[in-house]
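Structure, as structure tokens:
On a predicted model such as this, the values are computed, not experimentally measured, just so you know. Atoms considered below: every heavy atom in the structure, side chains included; atoms not considered: hydrogens, waters and symmetry mates. Index from 1, following the sequence.
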Amino acid sequence: MITISVPALNLLMDYQNKGLLHAEVYFVGGKMQPKHFRSVGTLAEKMMQDFFVDKSFLSIDGIQAQYGISSYDAEKAMLAKRFIENAKETIVLTDHSKIGISTFYKIADLKETDVVVSDVPSPEEWSSELEAKNVNWIVAQ
């Protein structure tokens, strides 16, 4: 497992210590963003270039059918692009407040994602576009 999130890292290590997780955990280091408890930047991107994963889980700041997924933070977006490039499957995690929003920096087109997990169904007018781009939308319950 690979993460840039300090809270996720702490949780994964706790699971390992309790015997609930039997996997190697890697923390991608780089410039720290204390407000978001994550690492980003050139060093993190360089480290990620050598990792290939089955699944990449991305949190995003905006998602639109036409414009794709985006972030307010360019450094986070650049690192997310690297995760997408090196993953067999990309899963986007979002909530209702990000749907229909396009933020500062584009991460990827929607067709570069495989699954969107949200707290609400996709907008009805997106149905044909999601189908054409082969994106599976899952409502988390």
Side-chain angles (χ1 to χ4, degrees), residues 1-16 18-141:
M1 305 187 115
I2 302 169
T3 186
I4 64 169
S5 166
V6 174
L9 175 65
N10 289 333
L11 186 62
L12 292 169
M13 289 188 310
D14 186 47
Y15 285 174
Q16 282 180 320
K18 291 177 180 174
L20 301 172
L21 175 67
H22 305 288
E24 291 185 354
V25 177
Y26 292 88
F27 181 72
V28 177
K31 183 174 87 176
M32 294 305 298
Q33 292 184 326
K35 180 180 177 184
H36 300 289
F37 294 92
R38 67 178 174 227
S39 63
V40 294
T42 306
L43 292 174
E45 286 179 56
K46 285 185 180 191
M47 185 175 178
M48 266 310 298
Q49 76 186 8
D50 294 327
F51 283 103
F52 295 93
V53 296
D54 291 328
K55 297 176 192 242
S56 174
F57 293 86
L58 302 176
S59 64
I60 51 114
D61 297 319
I63 182 169
Q64 284 192 335
Q66 293 174 315
Y67 301 116
I69 56 175
S70 57
S71 175
Y72 287 111
D73 185 307
E75 289 181 309
K76 177 188 169 198
M78 296 291 288
L79 186 55
K81 285 181 184 227
R82 178 68 71 182
F83 273 89
I84 291 170
E85 290 170 5
N86 292 5
K88 292 178 186 171
E89 182 179 23
T90 298
I91 301 158
V92 171
L93 309 172
T94 190
D95 66 35
H96 63 278
S97 69
K98 316 277 190 322
I99 297 170
I101 304 292
S102 180
T103 59
F104 177 67
Y105 199 93
K106 182 176 182 172
I107 297 171
D109 288 323
L110 204 53
K111 68 181 177 186
E112 294 178 65
T113 67
D114 300 292
V115 178
V116 175
V117 179
S118 180
D119 61 334
V120 295
S122 66
E124 207 159 300
E125 63 272 15
W126 291 16
S127 295
S128 61
E129 190 121 18
L130 291 170
E131 188 175 324
K133 294 177 179 176
N134 201 26
V135 177
N136 183 19
W137 191 287
I138 297 173
V139 178
Q141 297 183 13

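- Partners of K35 under the side-chain contact (heavy atoms from CB on, under 4.5 Å) rule, at least two apart in sequence or in another chain, do not exist in this structure.
- To the nearest 0.5 angstrom, I60 atom CD1 is 10.5 Å from Y72 atom OH.
- For residues 62-71, the pairs satisfying side-chain hydrogen bond (donor to acceptor under 3.5 Å, both in side chains) are D61-S71, S70-T103, with sequence neighbours left out.
- T90 is not listed as a side-chain neighbour of I69, based on a closest heavy-atom distance of 4.5 Å or more.
- The nearest pair of heavy atoms linking V6 to M32 is CG2-CE, 3.6 Å.
- Residues meeting the salt bridge (Lys or Arg N to Asp or Glu O under 4.0 Å) test with K81, sequence neighbours left out: none.
- Listed by first and then second residue, the salt bridge (Lys or Arg N to Asp or Glu O under 4.0 Å) pairs involving residues 65-75 are K31-E75, R38-D73 (not counting sequence neighbours).
- Among residue pairs with one or both ends in residues 93-102, those qualifying as salt bridge (Lys or Arg N to Asp or Glu O under 4.0 Å) are D95-K98; sequence neighbours excluded.
- The minimum heavy-atom distance linking A8 with S5 is given by the pair N-OG, 3.1 Å.
- The side-chain hydrogen bond (donor to acceptor under 3.5 Å, both in side chains) contacts involving residues 113-125 comprise H96-D119, where partners must be two or more places apart or lie in separate chains.
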Side chains of residues 129-141: which donor-acceptor pairs under 3.5 Å do they make with residues two or more places apart or in other chains?
from : atom 1 : to   : atom 2 : distance (Å)
E129 : OE2    : K133 : NZ     : 2.9
K133 : NZ     : A65  : O      : 2.9
W137 : NE1    : V120 : O      : 2.9

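- A 4.5 Å side-chain heavy-atom check between N10 and F37 finds every atom pair outside the cut-off.
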Validation: residues 40-55 side-chain donor-acceptor distances under 3.5 Å, sequence neighbours left out:
from : atom 1 : to  : atom 2 : distance (Å)
D54  : OD1    : K88 : NZ     : 3.2
K55  : NZ     : E89 : OE1    : 3.2

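- For N86, the side chain to side chain donor-acceptor pair (under 3.5 Å) test picks out no residue, with sequence neighbours left out.
- The two residues S56 and L58 have their closest heavy-atom pair at OG-CD2, 3.6 Å.
- In this structure, M78 and Y105 have side chains that are in contact, with non-hydrogen atoms separated by less than 4.5 Å.
- Atom NE2 in H36 sits 10.5 Å away from atom CD1 in I4 (nearest 0.5 Å).
- Residues that satisfy the side chain to side chain donor-acceptor pair (under 3.5 Å) test with D109, not counting sequence neighbours, are K106.
- In this view, L21 and M1, L12, Y15, Q16, A23, V25 satisfy the side-chain contact (heavy atoms from CB on, under 4.5 Å) rule, not counting sequence neighbours.
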